[in-house]
Number of protein chains: 2
Amino acid sequence: MSTALPPPHRGPVMSDVAARAGVSHQTVSRVLNGHPHVSATTRTRVLAAIAELGYRRNLSARVLATGRSNVIGVVAQNTTLYGPSSMVQAIGEAALGADLSLTVGHVAGYDATAASRRIVERLVQQGAAGLVFIAPVDAAAEAMRLVPDGVPIVTVDGLPEWQVANVSVDQYTGGMMATRHLLAAGHRTVWHVAGPEQWHGSRAREDGWRAALAEVGAMAPPMARAGWSAASGYQVGRMLARIPDCTAIFAANDHVALGIMRALAEQGRRIPDDVSIIGFDDVPEAGYFHPALTTIRQEFGDVGRQALRLLLDQLATGVKSAESALVEPVLVPRDTVGTPVPVAILEGNKT
Amino acid sequence: MSTALPPPHRGPVMSDVAARAGVSHQTVSRVLNGHPHVSATTRTRVLAAIAELGYRRNLSARVLATGRSNVIGVVAQNTTLYGPSSMVQAIGEAALGADLSLTVGHVAGYDATAASRRIVERLVQQGAAGLVFIAPVDAAAEAMRLVPDGVPIVTVDGLPEWQVANVSVDQYTGGMMATRHLLAAGHRTVWHVAGPEQWHGSRAREDGWRAALAEVGAMAPPMARAGWSAASGYQVGRMLARIPDCTAIFAANDHVALGIMRALAEQGRRIPDDVSIIGFDDVPEAGYFHPALTTIRQEFGDVGRQALRLLLDQLATGVKSAESALVEPVLVPRDTVGTPVPVAILEGNKT
DNA sequence: GACAGCCATGTTTGCGTTCACATTCTGGCC
DNA sequence: GGCCAGAATGTGAACGCAAACATGGCTGTC
């Protein structure tokens, strides 16, 4: 049970305003909702009464009466990560333009499934007009089933088989771009340190990586896996640094790349002379890593706008769609990718 | 105006459940609210009916009827920054334990004041039981005035003069710790690159820095200012790198430190041999910078818990308090602080 | 000058829940 | 066996708002 809450606070209500302005409560409502057929004098009188009383209308009552609300819910988790938090921010900015309010339910704590369930439950109960699921992992999706039919859904980084409107960054292409870029620099093959298995993006990037290797007939080296953190990148990097063949690495994201770079440096392998590396995300500080990190940028702003568009479409037409949008990533070349030096020359230079 | 929304969606209501279970709607309510004096058989019958119908209770109606809600609002901005986003996360986790739901209003877009006003407005209208303002800048606070008297408030990183319950990281002490640490390593004085002027934390850290210098009678060098980004740190760093006297730098935060480090490196100044530097925040990847960054960690988890405690206290007692809590930062020594090499020795080594 | 038609406003009802009170039923005790 | 406490349930109203419908007054037109 919840901690017993104290007696409620109730402010002035519509009829108080009405009394003060000498009109009926309905007229107040009309003024508030911008209905036509209210005389200018009445309107100003009502507005004045509202101001004097400090009246604010009760959203709950409004939602109860109309059955609609103009708030859309966002279900998000891992919001301390750069990707998800940027996404939320972007959706928020897009919503601002559509006169929609955003309620963000942050999935916190250990049990993601239970937590997201609770959040969806609450969002629905609050009468959210639509829901955006930031669902880069399956756990988030499970809660989608709790959403009643009438409420439109858009997922971000969801899976096509969910049959729900979705917008994703084209991680597959991103993976290809990264790999091709490394290949184009002259590397025989590219090693990949993937992100957590459960993340859809990880899988798509891996697929892109494999596809790009296959294009040129390169053999895929064994794939390593990291979390999204620098720490996990460092762990993997310590192994990679001891593999002489490993001259080109495509990292799960920028922070993982950072960890790997550190491990490489500790092992005395120079970047990009000995090893080239490319990240993913383009976090704001990536350009200031040492050396500046070449990476694949995700345009989260676009993602947010598209997600909102998809949601508004459904809201307007009233039918659930399964339309999906892809946002293309872009390569940001910086200083961590170089042409591999043939071993012979390297040897010659050494002494 | 909002885009015209389609007809509402209405699910089964309490009386539907009641009819199905063969009881009155009030009994259903009792079951839902865990009231005593409901027989076991009735309870199971009601529960069954609820499950069969897929009934979910309408939060708006509930809030309307009771005048209270168990959701607390969080007003946040700059949520892509590490600090604020960690804060939100921490509060969310703390709320989970108190059976409270969180609604986060993300202040997005250019006009922070207008945006936060809208958010507060909505949160209040939704009947939030209490509000947490993440208010590291004054803009956020301005909207606090819109909150009606009955609704308790807690600020995070707010100012004492606001007369509101507040929890902050002790930035002043943090600034002192950083400066002392550098001083203890043997530096004559410490340069400071401060964060944006409007942020309260920036000012407190600056004060701490000055105080620590004063303690040992060191002269305060001119203070530089950066944003919170690596890019801005880099800009400032390019100047600092050309100042031979500058051997110890206390940076606004870790990302600024990163930017400075890069500028230093480009200028050929070695860290920590030539210049020592210390950051603030301890972002997860700070230990993987090159070299690993010595920094001051802020315990955001503690902040979140304290904020919630303060809020719950007010909720329970029903009186607004102005109690405030301070969370102590902790020094995380790593590899960017060293003992300055006397110029003579330096010269001797050079050739 | 009568009537249509529109404008400005008021009245009533219902949204789904909880609360306060009323009612019925059960069992125990003298 | 009568009575009473209290458990189990029901009834009606209220929460604050918006929608639907109702009303009265004004303009304009033939």
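Every chain is numbered from 1, with letters handed out A, B, ... down the list of sequences. The basis for the numbers below is simple: all heavy atoms, side chains too, and nothing from hydrogens, waters or symmetry mates.
Counting heavy atoms from C-beta outward, A:V164 and A:K320 have side chains that stay 4.5 Å or more apart. Inter-residue side-chain proximity for A:L159 and A:D138 is flagged as met; some heavy-atom pair is nearer than 4.5 Å. When side chains are defined from C-beta on, A:Y55 counts as touching A:M14, because their heavy atoms get closer than 4.5 Å. Residues B:R56 and A:L146 meet the side-chain proximity criterion, which asks for heavy atoms closer than 4.5 Å.
Proximity note for A:L64 (side chain, C-beta onward) versus D:dA19, C:dT17, D:dG16: the nearest is D:dG16. Distances were taken from every side-chain heavy atom of A:T66 (C-beta onward) to each of C:dT17, D:dA19, C:dC19; the shortest belongs to D:dA19. Minimum atom distance to the side chain of B:A65 is reached by C:dG16, of the listed D:dA19, C:dG16, D:dA18.
Neither OP1 nor OP2 of D:dG16 sits under 4.0 Å from any side-chain N or O of A:R56. B:N58 has no side-chain polar atom (N or O) that falls below the 4.0 Å cut-off from OP1 or OP2 of C:dC15. Applying the 4.0 Å criterion to OP1 and OP2 of C:dT18, one finds that B:R62 has a side-chain N or O inside that range. Checking the phosphate oxygens (OP1, OP2) of C:dT9, a side-chain nitrogen or oxygen of A:S39 falls inside 4.0 Å. Side-chain nitrogen and oxygen atoms of B:T27 include at least one within less than 4.0 Å of the OP1 or OP2 phosphate oxygen of D:dG10. Between A:S29 and the phosphate of D:dA18, there is a side-chain N or O to OP1/OP2 separation shorter than 4.0 Å.
In this structure, B:Q26 places its CD atom 10 Å from P of D:dG10, rounding to the nearest Å. Whole-Å rounding puts the B:M14 CE to C:dG14 C1' distance at 17 Å. A straight line from CG of A:D16 to C1' of D:dC15 spans 13 Å, rounded to a whole angstrom. Spacing between atom CG of B:L32 and atom P of C:dT17 amounts to 8 Å, rounded to whole angstrom units. Separating the NE2 atom of A:H25 from the P atom of D:dC15 is a distance of 13 Å, rounded to the nearest angstrom. Rounded to an integer number of Å, the gap from CG of B:L59 to C1' of C:dT17 is 11 Å. In this entry the distance linking CZ of B:R43 with C1' of D:dA7 reads 13 Å, nearest Å. If you take CG of A:N33 and P of D:dA20, they are 13 Å apart, rounded to a whole angstrom.
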Worked verdict on B:R309 versus B:D313 for salt bridge (Lys or Arg N to Asp or Glu O under 4.0 Å): CA-CA 6 Å; B:R309 183 181 63 76; B:D313 279 359; 3.6 Å; yes
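Contacts of A:T42 with the nucleic acid, taken as non-hydrogen atoms under 4.0 Å apart, involve only primed sugar atoms and P, OP1 or OP2. Nucleic acid contact for A:V63: none, since no nucleic acid atom lies under 4.0 Å from a heavy atom of the residue. At a threshold of 4.0 angstrom between heavy atoms, the contacts of B:R30 include nucleobase atoms, whether or not backbone atoms are also involved. At a threshold of 4.0 angstrom between heavy atoms, the contacts of A:S24 include nucleobase atoms, whether or not backbone atoms are also involved.
Here A:R117 pairs with A:E142 in a salt bridge; the nearest charged N to carboxylate O distance falls below 4.0 Å.
Between B:S60 and B:H35, the residue anchored closer to the 5' end of DNA chain C is B:S60, taking for each the nucleotide with the nearest heavy atom.
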